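For reference, the structure discussed in these notes is given below.
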Amino acid sequence: SDAHGALRAISFLCPACYQLIVYFERLVMVAGQKGLSEGPRERVLPRAVARPLPAAAVPATLSCDYLEACNVLEMSAKASAALSRRCLQHLLREAPKTTTRDLDDQIQEVLDSKSLPGHLAESLDSVRVLGNFAAHPIKSKSTGEIVDVEAGEAEWTLDTLDGLFDFYYVQPERTKQKNEALNKKLTDAGKPLLKS
């Protein structure tokens with residue numbers, strides 16, 4: 001407790017993973033009211049945003065950047081979006097082997113190749129627009145204020161990364177494993193193997 005109110009810890013176990021979840025809630029004095037009223041609540045454990053971990057097929061360097069972007073999302077949407085863009089730039093260099101230097105140009109290179117499914121191409125193009133808000137101060141034409149990246153927009157970038165991880169790493173690995181299993185059956189049966 002202090003002159004402005006009190007801080008209360010609230011804890012419970014996650015019903016899915018049974019890990020401890022802890023919030024701090026500020027209890028504040030409100031003029032004209034007796035006692036303390038509930039104020040803002042902040043999650044302190046776990047700090048990370050609850051998102052699935054990248055699949056094992058995703059390279060470790062990309063997974064690390066992705067998880068760091070997840071971990072800072074609650075504290076700073078701008079920082080999360082910037083880290084996500086860094087991860088995206090690495091992914092576009094590694095998987096589709098883009099040759100341009102600038103992320104905007106890399107995204108255009110991938111879009112021009114028409115190799116992505118439509119929904120993923122649309123998301124990637126949207127990330128380009130969102131990224132400009134994170135990286136460069138842009139003013140609203142109606143209010144003149146700097147337009148900030150919001151948590152939902154930063155999460156959109158993470159969602160797009162999830163989709164790209166699935167497209168470039170997870171699905172090809174699943175197909176490879178299925179083909180290897182089928183080739184083993186074909187070999188055992190004395191049949192010709194699948195064509196690569």
Side-chain angles (χ1 to χ4, degrees), residues 42-43 46-180 194-196:
E42 180 183 353
R43 188 176 67 209
R47 290 302 298 182
V49 173
R51 293 184 69 90
L53 294 173
V58 177
T61 54
L62 295 176
S63 292
C64 287
D65 282 350
Y66 174 86
L67 291 172
E68 191 173 349
C70 291
N71 288 340
V72 301
L73 179 61
E74 195 170 291
M75 293 174 277
S76 171
K78 273 194 271 189
S80 177
L83 288 165
S84 294
R85 283 173 58 83
R86 171 189 153 128
C87 182
L88 176 61
Q89 192 160 27
H90 287 152
L91 184 150
L92 295 180
R93 283 186 189 135
E94 295 295 316
K97 307 283 188 212
T98 56
T99 57
T100 50
R101 190 168 173 261
D102 185 292
L103 179 57
D104 190 59
D105 294 334
Q106 287 176 300
I107 290 172
Q108 192 59 54
E109 196 176 328
V110 171
L111 295 176
D112 289 346
S113 75
K114 305 225 183 283
S115 59
L116 294 177
H119 70 283
L120 204 46
E122 284 179 32
S123 288
L124 186 59
D125 195 34
S126 298
V127 164
R128 177 198 342 243
V129 176
L130 294 174
N132 286 333
F133 286 118
H136 310 288
I138 298 174
K139 288 189 176 183
S140 166
K141 291 196 185 247
S142 60
T143 66
E145 294 177 8
I146 300 278
V147 179
D148 276 334
V149 175
E150 296 177 11
E153 294 167 341
E155 279 198 79
W156 190 353
T157 307
L158 292 169
D159 290 341
T160 302
L161 280 169
D162 286 337
L164 291 169
F165 288 163
D166 189 62
F167 180 77
Y168 285 119
Y169 297 107
V170 177
Q171 292 304 324
E173 182 61 25
R174 281 187 189 149
T175 300
K176 179 184 167 198
Q177 289 173 1
K178 287 178 182 179
N179 285 345
E180 286 172 356
L194 293 172
K195 294 179 183 175
S196 300

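Everything quoted here is computed from the prediction, not taken from an experiment.
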If you round to the nearest 0.5 Å, how far is [atom2] of [Y] from [atom1] of [X]?
X      : Y      : atom1 : atom2 : answer
Thr160 : Leu91  : OG1   : CG    : 11.0 Å
Gln106 : Asp104 : CD    : CG    : 9.5 Å
Ser80  : Leu158 : OG    : CG    : 4.5 Å

*Answer yes or no: is there a donor N or O on one side and an acceptor on the other, between the side chain of Gln89 and the main chain of Arg101, under 3.5 Å?*
yes
*Does the side chain to side chain contact (heavy atoms under 4.5 Å, CB included) test come out yes or no for Gln108 and Leu111, once each step is laid out?*
CA-CA 5 Å; Gln108 192 59 54; Leu111 295 176; 4.3 Å; yes
With a 4.5 Å heavy-atom cut-off, do [X] and [Y] have their side chains touching?
X      : Y      : result
Asp159 : Ser123 : no
Phe167 : Pro96  : no
Ile107 : Leu88  : yes
Leu116 : Val110 : yes

*Over all heavy atoms of both residues, which pair between Ala79 and Ser76 is shortest? Give the atoms and the distance, please.*
N-OG, 3.0 Å
Hey, can you pull the donor-acceptor pairs under 3.5 Å for the side chains in residues 55-69, sequence neighbours left out?
from, atom 1, to, atom 2, distance (Å)
Ser63, OG, Pro59, O, 3.4
Asp65, OD1, Arg86, NE, 3.4
Asp65, OD2, Arg86, NE, 3.2
Asp65, OD2, His90, ND1, 3.2
Tyr66, OH, Arg51, NE, 3.0
Tyr66, OH, Asp162, OD1, 2.7
Tyr66, OH, Asp162, OD2, 3.3

*Could you list the residues that satisfy side-chain contact (heavy atoms from CB on, under 4.5 Å) with Glu109, not counting sequence neighbours?*
Thr98, Thr99, Thr100
*Got a sec, which residues hit side-chain contact (heavy atoms from CB on, under 4.5 Å) with Gln171, two or more places apart in sequence or on another chain?*
Asp166, Arg174
*asked:* Applying ring-ring contact (aromatic ring centres under 6.0 Å, His included) as the test, list every pair that has at least one member in residues 92-113; sequence neighbours left out.
replied: none
*Applying salt bridge (Lys or Arg N to Asp or Glu O under 4.0 Å), which residue pairs with at least one partner in residues 115-127 are found, sequence neighbours left out?*
Asp125-Arg128
*side-chain hydrogen bond (donor to acceptor under 3.5 Å, both in side chains) partners of Asn179, counting only residues at least two apart*: none
